[in-house]
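Written below as structure tokens is the structure these notes are about.
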Amino acid sequence: MTATHLDSTADLMNRIGTSLAGQLGLVTLNGRRRPAPPALVVVAHGSRDPRALSTVRELLDVVRALRPGLPVHLGHIELNTPLLPDTLAALGTGEAVLVPLLLSRGYHVKRDIPDMAARAAARTRLAPALGPHPLLAEALHARLAEAGWRTPADGATRRRSAVVLAAAGSRDPDSRAGTARTARLLAGRLGVPVVAAYATTAAPTVPEAVAALAARGRDRVAVASCFTAPGRFATECAQAAPGIVSSPLGAHEAMARLLLHRYDETAATPAHPAASELASA
């Protein structure tokens, strides 16, 4: 038997074991079936770049592999299908936890997603944005390492080093505060300064942040892409990078674990009543 066949057989057995474990988790010790968990609805922004949708789908596949038996759905705020209202309509009056695939708390998290959820018949809970969180910093660090970033061991080179955290940008102060917090979490992992910069709306831009760091003697600068998937903003920020630039976070396992963490902490809270229940009250 070849090594390739052994590897494929082991992978198949692992998948079977994982699937069985997920099914057994739905059964109590006395043989009764546990209540079905609320569905996880991952809420993505949407993008005209086709790579974004394929990346989000890959991420959801990782989530499903980590949590077999959990119903996982996708809904978009705009630009891509399925749109969130359509995803919620398909759930009827079932329970769902909506987890924004957004990296800070801005208008979409505060207004758009709650408004869409309020108009749906489903009983929903809304999770916080993914960031700031140590798992987000873990994913950012990993993507930088994949791009070739290494924190220098000698003090002289470290004093010349820094990272620019490139994010989408928002007028919302909570969003900017969250991005700044993510920058501090990443700096704690890297041991060098991390400066938040933005593709639009907020300041500084990536070139402005790079120039400000250079003026302070930090001329060894990498750019960490704080984007969930490829798109126009991620591309523009990468083009402005003076050296190493990381890929968008994509389907990194830490992102999948963060989605599940937000789901778990939110699933423990009471669900909002279905729109149909409110109408009949």
Side-chain angles (χ1 to χ4, degrees), residues 42-56 59 76-80 100-113 128-133 136-137 139-144 146-149 162-187 190 192-215 218 221-252 254-255 258:
V42 176
V43 185
H45 182 275
S47 172
R48 292 183 176 87
D49 191 318
R51 296 173 298 171
L53 180 55
S54 62
T55 300
V56 172
L59 176 59
H76 292 93
I77 297 170
E78 59 181 356
L79 298 175
N80 292 119
L101 189 57
L102 301 169
L103 304 181
S104 61
R105 183 173 182 265
Y107 186 85
H108 292 311
V109 175
K110 293 179 179 180
R111 294 294 301 275
D112 286 337
I113 300 174
L130 296 185
H133 194 274
L136 177 56
L140 288 163
H141 188 181
R143 291 298 189 219
L144 273 173
E146 291 169 0
W149 168 267
V163 169
V164 171
L165 181 68
S170 171
R171 293 185 180 89
D172 192 298
D174 287 341
S175 177
R176 295 195 298 274
T179 303
R181 173 61 178 157
T182 297
R184 292 194 292 272
L185 289 171
L186 184 58
L190 299 179
V192 300
V194 177
V195 176
Y198 304 95
T200 184
T201 307
T205 64
V206 172
E208 289 169 346
V210 171
L213 286 167
R218 304 270 180 179
V221 177
V223 172
S225 295
C226 195
F227 301 99
T228 56
R232 179 168 66 89
F233 289 158
T235 299
E236 290 174 355
C237 289
Q239 291 170 345
I244 289 174
V245 58
S246 64
S247 300
L249 297 161
H252 194 279
M255 292 293 290
L258 180 50

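If you read the sequence from its start, that first residue is 1, and numbering goes on from there.
- Two residues are said to be in side-chain contact when any heavy atoms from C-beta on lie closer than 4.5 Å; E146 and S247 fail this criterion.
- Across every non-hydrogen atom of L79 and G46, the tightest pair is CD1-O, 3.7 Å.
- Counting only distance, with no hydrogens or angles, the side chain of R143 and the backbone of A224 share no donor-acceptor pair below 3.5 Å.
- Side-chain contact between T55 and T228: absent, with no pair of heavy atoms (C-beta onward) separated by less than 4.5 Å.
- Y198 places a side-chain heavy atom less than 4.5 Å from the side chain of R176.
- The shortest side-chain heavy-atom distance between V164 and E208 does not fall under the 4.5 Å cut-off.
- When each of R105, K110, H108 is tested with D172 by the rule side-chain hydrogen bond (donor to acceptor under 3.5 Å, both in side chains), just one qualifies, namely K110.
- In plain terms, the two heavy atoms of S47 and N80 that are nearest each other are N-OD1, 2.7 Å.
- Of the possible polar contacts, one joining the T182 side chain to the G178 backbone as a donor-acceptor pair under 3.5 Å is found.
- Here CD1 of I113 is found 4.0 Å from CD1 of I77. Values are rounded to the nearest 0.5 Å.
- A 4.5 Å side-chain heavy-atom check between V192 and W149 finds at least one atom pair inside the cut-off.
- Looking at L130 and M255, their side chains come closer than 4.5 Å, going by heavy atoms from C-beta outward.
- When all heavy atoms are compared, the tightest approach of C226 to L140 is CA-CD2, 4.0 Å.
- Counting heavy atoms from C-beta outward, L53 and H76 have side chains that approach closer than 4.5 Å.
- Here the straight-line distance linking atom CG of L185 with atom CG of L136 works out to 8.0 Å at 0.5 Å rounding.
- The two residues T201 and G169 have their closest heavy-atom pair at CB-C, 4.3 Å.
- In this structure a side-chain-to-backbone donor-acceptor pair under 3.5 Å is present from S246 to S225.
- In this structure, T235 and R51 have side chains that are in contact, with non-hydrogen atoms separated by less than 4.5 Å.
- Summarising the geometry of V223 relative to P242, their closest heavy-atom pair is CG2-CD, 4.2 Å, with the distance given to 0.1 Å.
- L186 approaches H141 most closely through the heavy-atom pair CD1-N, 3.9 Å.
- Among V43, L59, L258, L249, the single residue meeting the side chain to side chain contact (heavy atoms under 4.5 Å, CB included) criterion with L101 is L59.
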